[in-house]
Amino acid sequence: MNTLKKYYCRFFQGIMRAAIPVLPYRQPQILHSLKSIANILLSYDINNIMIVTDEGVYGLGLCHSLEQALQENGIQYIVYKNVKANPTVANVEEARELYLQNSCKALVAVGGGSPMDAAKAIAARIAHPHKTLSKMKGILKLRRKLPLLICAPTTAGTGSETTLASVITDEEIGFKYAISDFRLIPNYAVMDPALTLGLPPQLTATTGMDALTHAVEAYIGKSSTKDTREAAIEAIQLIFGNLQSAYHNGDNLIARQNMLRAAYLAGLAFTKSYVGNIHAVAHSLGGRYSIPHGLANAVLLPIVLREYGTAIETKLALLAKHAGVVSFEHADDKIAAKTFIAHIQKMNDNMNIPRTLQGIVQQDIHEMAIKAEKEANPLYPVPVIWGVEEFSKIYRIAGGLDK
C-alpha cells in the first residue's frame, strides 16, 4: 500500500476518533427474562410482533416462555425461524414480507449474532422500503426511525444486543458486509444466562472467542477511549476466568452469566472503538465459504496478533498484566505480549478449536484479500494498516497454505 493512502486512512480515522464524544452512542435498557418482554410491549401499546430466530434455537424451545407470555397478554406474534448461520439478504427480504403481511409493529430477536443481525437488517428495510441493503452498507446510511427492537442473546459472543452493526451476506456474490448506524442499537437487551445453558460446548467456545476478539481489537486499535479500554479489560478478565469453565461445564450458571456480561462489555467497547483486520478477514471467509464468524475469529486472533509484531507489544503486555497472565512487576513487554498470545492459543487448544480453517482455496485468496482491504481501510483504526499482500498472507496462514 502506498504511503499517501496510509496517510489518508489515518486522517479519516483521526476525524472519526475526534467525533466519538459528540456521537449519539447509547446503551440498550437491560431486561432479565423473556417473560418481561410482554410488559414492555404493552407499555408501547404494541400487540403484534415478529420473533426472529433460527431453527436450532426454536427447536430447543428457547422461545417458549416468550410465546407463553405473549399469549397470556393477548399479544399476537409470528415466528420467522429461517435465519442462516450467516444471515443473508434473502433472509431479510423474506422476513420483511412476513412482517408486513402480518401487520407487525416490533421485532424480538432470540438467538446468537445471526438472528440479532437479521432482525436489525429487517428493521432497517422496514424503515427504508425503497433502499436496498447494499445501499445501506457502511456507516450512517439510515435516516428514519426503526421499529422497536428487542434482542435476547442465546450465546455469549457477538455482543450484537448492544452494538450498532448488522453483518449481512449477499449470497449471490459471496460478499459479507456490515451496516453500521446508531439507529441499529437495540432498544432493549435481555440478559438471561438460562438462555445460554443449552449451547453446545463448541459454540460456547467459538462465540466466547468471538467476544474476546471484539475486546482485544477494540483495545489495541487507535480509537480506544478510557471507557472502551476499561470495558475491554473487564471483558477479557471475565473471558479468561469463565470461558473454559462454561465450555467444560455447560450448566455452570455463574460462568454463563459472566460470559454474557463479557460479551456485552466487548460489544460496548467495539461499538465505539471499532474492530480491525481480524474481522475484515473473517467477514470475507464467511461470505465466501460460510465459515461461522466465531470460529473464524477464534482461529485468526492469535495469527493476526503475531503478525502485528512489535506494533502492539506494549498494549498486549498491559492486557497480559490486567488479565493476570503475567504479574505487573514483569518488565519485559515482548515476553508479556508473547505470553498473552500463547494464553489465547492455549485456550483455543483446550477447547478443541483448530489452528487452521479447512476449505480455503489458494485461487480465492487474492479476491478475498481485496475485499478485506476495502472493508478495513480507511474505517478500522487498526494498529498496522495492511494492503492486499499482507491480507493474503493471513489467508494462507489461516488455511494452512503458507508452508
Side-chain angles (χ1 to χ4, degrees), residues 1-3 5-7 9-10 12-14 17 209-225 228-229 232-233 235-236 239-240 266 269-270 273-285 296-323 325-326 330 332-348 353 355-357 365 368-369 371-402:
M1 178 184 293
N2 64 62
T3 302
K5 184 171 182 179
K6 287 186 178 181
Y7 277 129
C9 289
R10 290 306 189 203
F12 178 91
Q13 292 157 15
R17 189 184 191 284
M209 296 306 288
D210 187 18
L212 181 62
T213 304
H214 295 154
V216 171
E217 285 205 300
Y219 187 90
I220 65 175
K222 290 185 174 293
S223 288
S224 67
T225 64
T228 64
R229 288 191 293 272
I233 287 169
I236 292 166
I239 293 166
F240 279 14
F270 89 78
S273 295
Y274 291 98
V275 287
N277 289 329
I278 296 169
H279 274 73
V281 175
H283 288 158
S284 59
L285 290 171
N297 275 349
V299 173
L300 290 167
L301 178 57
I303 294 172
V304 171
L305 293 182
R306 291 188 193 106
E307 288 301 307
Y308 280 149
T310 57
I312 58 170
E313 273 184 4
T314 301
K315 289 184 177 180
L316 288 193
L318 282 171
L319 287 180
K321 294 168 185 177
H322 281 295
V325 175
V326 298
H330 203 296
D332 192 319
D333 283 356
K334 184 173 184 178
I335 293 175
K338 286 185 175 180
T339 303
F340 184 80
I341 298 172
H343 186 82
I344 292 172
Q345 188 64 70
K346 186 176 180 180
M347 287 177 66
N348 275 349
I353 294 173
R355 293 197 174 200
T356 58
L357 296 164
I365 288 178
M368 290 193 294
K371 290 179 178 178
E373 192 276 332
K374 186 176 181 180
E375 175 182 334
N377 303 321
L379 181 59
Y380 296 160
V382 292
V384 182
I385 297 173
W386 283 347
V388 172
E389 183 178 346
E390 291 88 353
F391 277 112
S392 295
K393 181 180 179 182
I394 298 300
Y395 290 104
R396 292 195 299 271
I397 296 172
L401 304 173
D402 196 15

Heavy-atom side-chain contact between I239 and M347 under 4.5 Å: yes
Within-4.5 Å side-chain heavy-atom neighbours: I278 and V216: no
When you look at M209 and I344, which way does the side chain to side chain contact (heavy atoms under 4.5 Å, CB included) test go after all the steps? CA-CA 9 Å; M209 296 306 288; I344 292 172; 3.7 Å; yes
Atom pair CD1 (I220) and CG (L319), whose distance is rounded to the nearest 0.5 Å: 8.5 Å
So do the side chains of I236 and H322 get within less than 4.5 Å of each other, counting heavy atoms only? no
The side-chain contact (heavy atoms from CB on, under 4.5 Å) partners of A218 (sequence neighbours excluded) come to A269, F270, S273
Closest non-hydrogen atoms of A337 and L316, given as atom of the first, atom of the second and distance, are CB-CB, 3.7 Å
Please give me the minimum heavy-atom distance between A336 and V326, naming the atom from each residue. CB-CG2, 4.0 Å
Quick one: list whatever passes ring pair (Phe, Tyr, Trp, His ring centres under 6.0 Å) with Y395, sequence neighbours left out. none
Check the surroundings of atom CZ in F12: do more than 12 heavy atoms from other residues, nucleotides or ligands lie under 6.0 Å from it? yes
When every non-hydrogen atom of N277 is compared with those of E217, the smallest separation belongs to N-OE2, 3.3 Å
When you compare the side chain of D210 with that of H279, does any pair of heavy atoms fall below 4.5 Å? yes
Hey, could you give me the OH/CD1 distance between Y219 and I312, rounded to the nearest 0.5 Å? 11.5 Å
Could you report the tightest heavy-atom contact between K321 and D333, atom names first, then the distance? NZ-OD1, 4.1 Å
Non-neighbouring partners of E313 that pass salt bridge (charged side-chain N to carboxylate O under 4.0 Å, His left out), sequence neighbours left out: none
Which heavy atom of A211 sits nearest a heavy atom of A266, and at what distance? O-CB, 3.5 Å
Could you go through I365 and L401, starting from their C-alpha distance and side-chain angles, then the distance that decides it, and tell me whether this counts as side chain to side chain contact (heavy atoms under 4.5 Å, CB included)? CA-CA 11 Å; I365 288 178; L401 304 173; 3.9 Å; yes
E390 side chain to G387 main-chain N or O, any donor-acceptor pair under 3.5 Å? yes
Do K393 and R396 come close enough that some side-chain heavy atom pair is under 4.5 Å? yes
List for me each residue that meets ring pair (Phe, Tyr, Trp, His ring centres under 6.0 Å) alongside Y274, sequence neighbours excluded, and say none if there are none. none
The criterion is salt bridge (charged side-chain N to carboxylate O under 4.0 Å, His left out); which residues satisfy it with K5, sequence neighbours excluded? E373
Who passes salt bridge (charged side-chain N to carboxylate O under 4.0 Å, His left out) against K374, sequence neighbours left out? none
Who are the side-chain contact (heavy atoms from CB on, under 4.5 Å) partners of K222, not counting sequence neighbours? R10, P381
Test side chain to side chain contact (heavy atoms under 4.5 Å, CB included) on E375 and Y380 and set out the steps. CA-CA 8 Å; E375 175 182 334; Y380 296 160; 2.6 Å; yes
V299 backbone acceptor or donor facing N348 side chain under 3.5 Å: no
Among pairs that include at least one residue of residues 376-386, which meet salt bridge (Lys or Arg N to Asp or Glu O under 4.0 Å), considering only residues two or more places apart or in two chains? none
Taking ring pair (Phe, Tyr, Trp, His ring centres under 6.0 Å) as the definition, give me every residue that meets it alongside F240, ordered by chain and number, with sequence neighbours left out. F340, H343
How long is the span from the CD1 atom in I397 to the CD atom in E307, to the nearest 0.5 Å? 4.0 Å
Heavy-atom side-chain proximity of V281 to V304 below 4.5 angstrom: no
With K371 via salt bridge (charged side-chain N to carboxylate O under 4.0 Å, His left out) - residues at least two apart: E367
Kindly indicate whether the side chain of L212, heavy atoms from C-beta on, has any atom under 4.5 Å from the side chain of L301. yes
Closest non-hydrogen contact found for G276 with V382 is CA-CG1, 3.6 Å
Which residues pass the side-chain contact (heavy atoms from CB on, under 4.5 Å) test with R355, sequence neighbours left out? Q345, D349
The criterion is side-chain contact (heavy atoms from CB on, under 4.5 Å); which residues satisfy it with A282, sequence neighbours excluded? H293, A296, N297, L300
